[in-house]
Participant: 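Here it is, the structure in full.
Bear in mind that the values here come from a model prediction, so they are computed numbers and not experimental data. Order of appearance sets the numbers: ligands from 1, and atoms from 1 within every ligand.
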Amino acid sequence: MKLTKKSGLNGTISIPGDKSISHRSIMFGSIANGTTTIRNFLMGADCLATIDCFRSMGIDIEVTDEMVTVHGKGLHGLTKPDKVLDVGNSGTTTRLISGILSGQDFDVTLSGDASLNSRPMKRIMTPLNAMGAHITSVNKNDCAPLSIKGSKIKASHYDSPVASAQVKSAVLLAGLYGDGPTSVTEPAVSRNHTELMLQSFGVDVTCEGKTATVYPPKQMNGQNIIVPGDISSAAYFIVAGLITPNSEITMKHVGINPTRDGIIKVCQAMGADICLSNVEDSNGEPTADITVRTSRLHGTEIGGDFIPTLIDELPIIAVLACFAEGKTVIKNAEELKVKESNRIDLMVNNLKRMGADAVATDDGMIIHGGKPLHGISLNCKYDHRIAMTFSIAGINADGITEIEDAECVDVSYPTFYETLNKLAN
Ligand code: S3P
């Protein structure tokens, strides 16, 4: 994909469904009783991998242009797949499904692509095995492929060393099959979509401070879900609208859950012209239309408990910082190293190649904004967020930016380039 400088981005767009919520809607619909309908489901490769996994375990899932329908078979209705479950590039599928599979009465092996199979899985194996699960790393390297032997689950409390919704969710989902309440305490509150959606499926879940507790239900009940637009996908157009001259972009029906809205607060702290309107509720998840206009920006400092609320947006925030006056510091974000790629290294190395003043630190990066960027050719290591981030940098850089593996945007935003082109015309 080749990108060149744009003189303005204008228009109103809808944003594809939230990836985290789409995954959970398939998983919870599958283990609920009755039918779950899902509108604005994200048809990205990661969520399609989740659909395939549950189909392989006997769940009938219909997909039309309008909606996805899951015919749930109840908490104990999954059946042993006759092949290895293929989780593709998806960390969310791997970690959440491991929680569910821990409590089944059959054994499974799951595996993904090269990037997925190099990501750390000890973070879920440790708490799940402490609950009585039997999960082993097939290659004994604490990564997938994982072998999961269905087991009796003991109620448990886990003090998680990491603020990760994937770890929290894996434990809570295993806890659905426990012999009493299971709770997780995190160092900072991560996204709470699991807690909210389990509640809407009729499960007793309580949240107090940094602790979430699930009480094993007798059954879960199918729901009608409208998935909000993904704020992590909107983030590319939020930043594009702020840094591209002569721009005004409105994004409709975007999820603004307070555990996910750090990008909005950062933009406001940097002096952005960003407005929220039509605030509504969608199955317990708040949504709004977001409008941004070209803005004069200044640097800021981002760290601490705030990091989990914008963890996936940090790459595009780094680009925002390149177009802001002064210094931006991102700290306490070491989790970036274990995402689909090492996002600290990939961001800083390529921003520097484009002419930015960026320095990697142990737990983030420091950027002095205001240096003009120029185009480069880059390989994103098949990391969808890095590809979209450098596309937005590319349309604000001199010369041509070429992204070699741009097809990886299919993971979370298959229509990304179509939308970008629409706004540029
Ligand atoms: C996700 C949680 C986050 C995020 C990922 C999706 C989820 O990961 O980076 O893209 O759906 O729970 P961690 O919870 O590991 O930080």
Participant: Could you go through residues 339-347 and list every donor-acceptor pair under 3.5 Å that involves a side-chain atom there, pairing it with any protein atom two or more places apart or in another chain?
Facilitator:
residue : atom : partner : partner atom : Å
Glu340  : OE1  : Arg343  : NH2          : 2.9
Glu340  : OE2  : His384  : NE2          : 2.9
Ser341  : OG   : Asp383  : OD2          : 2.8
Asn342  : OD1  : Ile344  : N            : 3.1
Asn342  : OD1  : Asp345  : N            : 3.1
Asn342  : ND2  : Asp345  : OD2          : 3.3
Arg343  : NE   : Asp383  : OD2          : 2.8
Arg343  : NH2  : Asp383  : OD1          : 3.0

Participant: Going by ring pair (Phe, Tyr, Trp, His ring centres under 6.0 Å), name the residues that satisfy it together with His76, two or more places apart in sequence or in a different chain.
Facilitator: Tyr177
Participant: Taking only residues at least two apart or on different chains, which pairs with a member in residues 276-286 satisfy side-chain hydrogen bond (donor to acceptor under 3.5 Å, both in side chains)?
Facilitator: His193-Glu285, Asn257-Glu285, Asn278-Asp289
Participant: Classify the side-chain pair Ser190/Lys168 by whether it contains a donor and acceptor separated by less than 3.5 Å.
Facilitator: yes
Participant: Is the side chain of Gln223 donor-acceptor paired with the backbone N or O of Ser200 at a distance under 3.5 Å, no angle test?
Facilitator: yes
Participant: Starting from the N and O atoms of ligand 1, find every protein N or O within less than 3.5 Å and list the pair with its distance.
Facilitator:
residue  : atom   : partner : partner atom : Å
ligand 1 : 8 (O)  : Lys339  : NZ           : 3.1
ligand 1 : 9 (O)  : Asp312  : OD1          : 2.6
ligand 1 : 9 (O)  : Asp312  : OD2          : 3.3
ligand 1 : 9 (O)  : Lys339  : NZ           : 2.7
ligand 1 : 10 (O) : Asp312  : OD2          : 2.8
ligand 1 : 11 (O) : Ser20   : OG           : 2.7
ligand 1 : 11 (O) : Arg24   : NH1          : 2.9
ligand 1 : 12 (O) : Arg24   : NH2          : 2.7
ligand 1 : 14 (O) : Ser164  : OG           : 3.1
ligand 1 : 14 (O) : Ala165  : N            : 2.7
ligand 1 : 14 (O) : Gln166  : N            : 3.0
ligand 1 : 15 (O) : Ser164  : OG           : 2.9
ligand 1 : 16 (O) : Lys339  : NZ           : 3.0

Participant: Is there side-chain contact between Ile38 and Met67, with heavy atoms separated by less than 4.5 Å?
Facilitator: no
